[in-house]
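Notes for the one structure printed next.
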Amino acid sequence: MLTRSEIDALFRPDLPEPEHWERTYPPRDLPAGALVTRFAPSPTGFMHIGGIYVAMIARDVARRSGGSYFVRVEDTDQARGVEGAMEQFDRAFEYFSIQPTEGEGTGAYGPYRQSQRADLYLTFVRHLLRQGQAYLCFATREELAEMAARQQAAKVPTGYYGRWATWRDAPAEQVRAALAEDRPYVVRFRSPGRPGVRMRYVDQIRGPIEADENRNDVVILKASDQALPLPTYHFAHVVDDHLMRVNLVIRADEWISSVPVHHQLSAALGFEPFSYAHIAPLLKQEGGSKRKLSKRKDPEASVDYYIEAGYPVEAVLYYLRGLANGRLAELPLAEALTAPIRIEECGVSGALIDLPKLDHISADVIVGLSGDEILTEVTRWASTYDPELVELIDAERDLARRALAIEREGVDNPRKDLKKWSEFRRIYGYFFTRLAPTPVLEGPLASIDPAVVRGMMGEFAASYQHLDDPQEWFNQIRELAARHGFAGSQKEFKANPGRYHGSIREPSQIIRIALTGSTRSPDLFQVARALGREETVRRVSLLA
RNA sequence: GGCCCCGUCGUCUAGUGGCCUAGGACACCGCCCUCUCAAGGCGGCGGCGGCGGUUCGAAUCCGCUCGGGGCUACCA
């Protein structure tokens, strides 16, 4: 083993001692039971919806308990960092209103970016080195790869342990020689793990979990030949979560198998063991099986998907909260959004993202909004994703209000036709004068004698009365239809198919197409009232 | 290969030995309403991965097995 001075010579002379950091970041003064949680994304790409999911849970339990929640950026992998990722995170958190309660400028436990915390890690790396709980390893990547290949061939566990850990007990002379040659090295943890010995801990969601002790001499500090030597995730997690006084580590369940490593590292540093809550991942159906949502393959894995589609924030949050804690999925929106997520009630198995379900929830959320509120939200969304729509709404705002009032205001069960803001144009666009449809008769309607259609629509346009009683208004169509050879009802038509061109249904549909461009629309009378007399006549005249 | 996690209708779940002939929600199908669509109302389809055991009795407990996922990096 290297002498203390040889070890210290590897570090900056003024690198603080562990006690310095312990004093700088004292235990938090919080009421009993208050939880300190964090979300630790790495800036390697766009924000994953699973990140929002975990962050939402972590924030909720912390706030609920009177504790604190912060975001710590895990940017220790210099090679994979993506420019602008941080900003995208902030935007996503703000959009879903899950901003940290503590952070740069407002928190006393920063910096909140690992690349700015290098000295902290170095202090504790040196500490372990001095105590012989860590050592320098000069193995090259090639040597390591070859070793792994041999281990696989021999069907023994892969890793740096036992007789494979060649630098673990290398003579000091050999280490000095390597150092003298300026060979790059990493610092490895000297694992105290014994073969066949088990460790156990209690996960806050899953209960007792048992596993083999870690025997791997994991890397804790990466390549010495980098400009800024940084720790691996495992080491950073232990140092950071201890010093930032996190008392409940909430993270995705892919970390479960690393707990034995974290446990050893934490013990070696003399820290209190962490309490963990491992969250089941969000999955995606593929063929007959499920797999993790993939950033590359699944558009719905990105938060941008939800933002661009224009799902109301409340709908996404409600859905996610329900997935996290089933109890909340049974609650009405308002309660579900404010009821606490109970960590012990979180599911243990991964859930498939069910977009139709989100749509349903979203429609429920939107149906609770007034027309003006919808216009506000649509405009907000469209200002980024459909600027022309903003102009259309601004130009004919009253018309938009009337359109949205149809079957929505003053009725028992309001119309649930909008699921997301991006659908507004398709569903309500035809109201706007500039988007007025060109009527085309298709399908069964196309087989009606064009002369009959023209005659009927001509008469309708000429004699149209903009009545305000729904029944009287519709009677115009009934009488018109009868005069032009259509039965007054489906029944009547079916009784004597030969006597009619069709039933009241066809003339209604023709007018519907004239007014809306589609065979599917809200109540005709109300559409006509919203459009106004002039526009109604103008549109019908196109078929005359 | 080794270790770990998970496994109730298509999906999310309720269920902790008898209240389970397994409940609810979404999706799907049908009917009602009706000038179309949406909504709504009513009804339907559909599940304890499998096998053994414990027990008077098991979705619930035990064992094995199968399936899915994760880790096994100087990625997090």
Side-chain angles (χ1 to χ4, degrees), chain A residues 40-44 74-77 79-80 114 137 139-141 144-145 148 151-159 184-188 203 206 209-212 214 216 218-226 229-234 236-237 251-261 278 280-281 283 285 288-292 319 322-323 326-327 329-330 347-361 363 367 407-408 411-418 427 474 477-478 481 489-490 503-513 516 518-525:
Chain A
S42 69
T44 53
E74 310 247 321
D75 56 349
T76 57
D77 187 351
R80 298 204 313 159
Q114 290 183 332
C137 169
T140 64
R141 286 174 191 270
L144 259 15
Q151 288 171 328
Q152 273 168 16
K155 296 208 191 300
V156 297
T158 50
Y185 62 88
V186 298
V187 178
R188 285 185 185 271
D203 186 277
R206 290 155 206 270
I209 292 180
E210 210 179 277
D212 288 340
N214 170 60
N216 237 318
V218 293
V219 172
I220 57 176
L221 191 72
K222 301 194 268 193
S224 62
D225 57 351
Q226 297 295 304
L230 285 170
T232 55
Y233 171 86
H234 302 115
H237 150 234
R251 60 185 2 180
D253 73 355
E254 67 214 43
W255 293 109
I256 289 180
S257 36
S258 301
V259 171
V261 175
H278 292 280
L283 306 174
Q285 181 92 51
S289 70
K290 303 172 179 179
R291 47 153 247 255
K292 260 173 68 172
Y319 178 58
L323 278 186
R327 181 176 48 87
E330 309 292 321
V348 293
S349 59
L352 246 34
I353 289 274
D354 186 356
L355 257 14
K357 179 120 182 177
L358 209 211
D359 278 347
H360 182 266
I361 289 169
V367 87
E407 293 174 325
R408 187 185 305 277
V411 294
D412 288 338
N413 52 318
R415 188 170 185 83
K416 278 193 193 176
D417 51 0
L418 265 182
I427 298 174
F474 195 76
I477 297 179
R478 278 190 201 288
S489 72
Q490 281 278 82
S503 73
I504 183 70
R505 188 182 189 131
E506 285 75 21
S508 301
Q509 286 295 67
I510 293 168
I511 293 171
R512 188 183 309 283
I513 286 176
T516 71
S518 166
T519 54
R520 302 150 55 138
S521 84
D523 180 71
L524 263 191
F525 161 73

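Worth knowing before you read on, the calculation uses all heavy atoms, side chains too, and leaves out hydrogens, waters and symmetry mates. So that the names make sense, note that chain A is the first sequence line, chain B the second, and so on, each numbered from 1.
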Closest heavy-atom pair and its distance - S508(A), I477(A): OG-CG2, 4.2 Å
Can you confirm whether I256(A) sits close enough to I209(A) that some side-chain heavy atom of one is under 4.5 Å from a side-chain heavy atom of the other? yes
Between P on C71(B) and CD on E254(A), what's the gap in Å once rounded to a whole number? 6 Å
Which heavy atom of R512(A) sits nearest to which heavy atom of R520(A), and what is that distance? CD-N, 3.9 Å
How many whole angstroms separate atom CG of D412(A) from atom P of A39(B)? 17 Å
Selection from C35(B), C5(B), C74(B) that lies nearest to any side-chain heavy atom of I504(A): C35(B)
What's touching nucleotides 26-33 of chain B from the protein side, N or O pairs under 3.5 Å?
{"residue": "C26(B)", "atom": "OP1", "partner": "H360(A)", "partner atom": "NE2", "Å": "3.4"}

Between U34(B) atom P and Q509(A) atom CD, what is the distance in whole Å? 16 Å
Side-chain touch T232(A)/V218(A), heavy atoms, less than 4.5 angstrom: no
C1'-based separation of C71(B) from U13(B) [nearest Å]: 28 Å
Tell me which of I353(A) and E210(A) sits closer to the 5' end of RNA chain B, going by the nucleotide each one is nearest to. E210(A)
Is R415(A) near enough to C37(B) that one of its side-chain N or O atoms lies under 4.0 angstrom from OP1 or OP2? no
Would you classify A139(A) as touching base, sugar-phosphate or nothing, given that sugar-phosphate means primed atoms plus P, OP1 and OP2, and contacts are heavy atoms under 4.0 Å? base
With both distances under 3.5 Å as the test, what is the Watson-Crick or G-U wobble partner of A25(B)? U11(B)
When the C1' atoms of A27(B) and C12(B) are compared, how many Å lie between them, rounded to an integer? 11 Å
Quick one: which of G2(B), C4(B), A39(B) gets closest to the side chain of P157(A)? G2(B)
Atom CG of D523(A) to atom C1' of G40(B): distance rounded to whole Å? 16 Å
Counting only distance, no hydrogens or angles, is the base of A38(B) paired donor-acceptor with the side chain of D417(A) under 3.5 Å? no
Calculate the interatomic distance between L283(A) atom CG and G70(B) atom C1'; express it in whole Å. 11 Å
Would you kindly give the CH2-to-C1' distance between W255(A) and A73(B), to the nearest whole Å? 11 Å
Pair assignment for G30(B), Watson-Crick or G-U wobble, requiring both distances under 3.5 Å: C42(B)
Rounded to whole Å, the CG-C1' distance (D359(A) to A38(B)) equals 14 Å
Which is true for S503(A) with a 4.0 Å heavy-atom rule: it touches a base, it touches only sugar-phosphate, or it touches nothing? nothing
Would you tabulate the nitrogen or oxygen pairs shorter than 3.5 Å linking the protein to nucleotides 46-50 of chain B?
none

With a 4.0 Å cut-off on heavy atoms, is P414(A) in touch with a base, just the backbone sugar-phosphate, or nothing at all? sugar-phosphate
Select one nucleotide: of G1(B), C37(B), A76(B), the one nearest the side-chain heavy atoms of R520(A). C37(B)
Are any of T158(A)'s side-chain N or O atoms less than 4.0 Å away from OP1 or OP2 of G1(B)? no
By the 4.0 Å heavy-atom rule, please label N413(A) as base, sugar-phosphate, or nothing. base
F474(A) CZ to U34(B) C1', straight-line distance once rounded to whole Å: 10 Å
Nearest non-hydrogen partners of L524(A) and I511(A), listed with the distance: CD1-CG2, 4.2 Å
Checking N1-N3 plus N6-O4 or O6-N4 for Watson-Crick, or N1-O2 and O6-N3 for wobble, each under 3.5 Å, the partner of C61(B) is G53(B)
Measure up the W255(A) and Y233(A) rings against each other and bin them: parallel (under 30°), tilted (30 to 60°), perpendicular (over 60°). parallel
Just checking T519(A): base, sugar-phosphate only, or nothing, at a heavy-atom cut-off of under 4.0 Å? base
A76(B) and A39(B): how far apart are their P atoms, nearest whole angstrom? 48 Å
Say you pick atom P in G44(B) and the same atom in C4(B); how far apart are they, in whole Å? 46 Å
For D75(A) and P43(A), indicate whether the former's side chain and the latter's backbone hold a donor-acceptor pair under 3.5 Å. no
Any side-chain N or O of K222(A) less than 4.0 Å from the OP1 or OP2 oxygen of C75(B)? yes
When the C1' atoms of G68(B) and G24(B) are compared, how many Å lie between them, rounded to an integer? 26 Å
Expressed in whole Å, how much space separates the P atoms belonging to C48(B) and G23(B)? 13 Å
With a 4.5 Å heavy-atom cut-off, do L418(A) and I427(A) have their side chains touching? yes
Backbone N or O of Q114(A) within a donor-acceptor pair of the E74(A) side chain at under 3.5 Å? no
G1(B): pairing nucleotide in any strand, Watson-Crick or G-U under 3.5 angstrom: U72(B)
Could you work out, with salt bridge (charged side-chain N to carboxylate O under 4.0 Å, His left out) as the rule, every residue matching E330(A), not counting sequence neighbours? none
Give V186(A) one of three labels, base, sugar-phosphate or nothing, depending on what nucleic acid heavy atoms sit under 4.0 Å from its own. base
Which one is paired to C19(B), where only Watson-Crick or G-U wobble pairs with both distances under 3.5 angstrom count? none
If you assign K416(A) and V348(A) each to the RNA chain B nucleotide with the nearest heavy atom, which residue ends up on the more 5' nucleotide? V348(A)
Residue pair D212(A) / P260(A), side-chain heavy-atom distance below 4.5 Å: no
Closest heavy-atom contact between C137(A) and R188(A)? SG-NE, 3.3 Å
When rounded to the nearest Å, what value does the distance between C1' atoms of G15(B) and C9(B) take? 14 Å
The nucleotide from C12(B), G7(B), A76(B) with an atom nearest the side chain of A351(A) is C12(B)
Ignoring hydrogens and geometry beyond distance, is the side chain of R206(A) in donor-acceptor contact with the base of C6(B) at under 3.5 Å? no
Can you check the distance between U8(B) and U55(B), where both ends of the measurement are the C1' atom (answer in whole Å)? 22 Å
Looking at every strand, decide which applies to G350(A) at a 4.0 Å heavy-atom threshold: base, sugar-phosphate, or nothing. sugar-phosphate
Base paired to G67(B) (Watson-Crick or G-U; both N/O distances under 3.5 angstrom): C6(B)
Donor-acceptor pair, distance only, cut-off 3.5 Å: does the side chain of Y319(A) make one with the backbone of D354(A)? yes
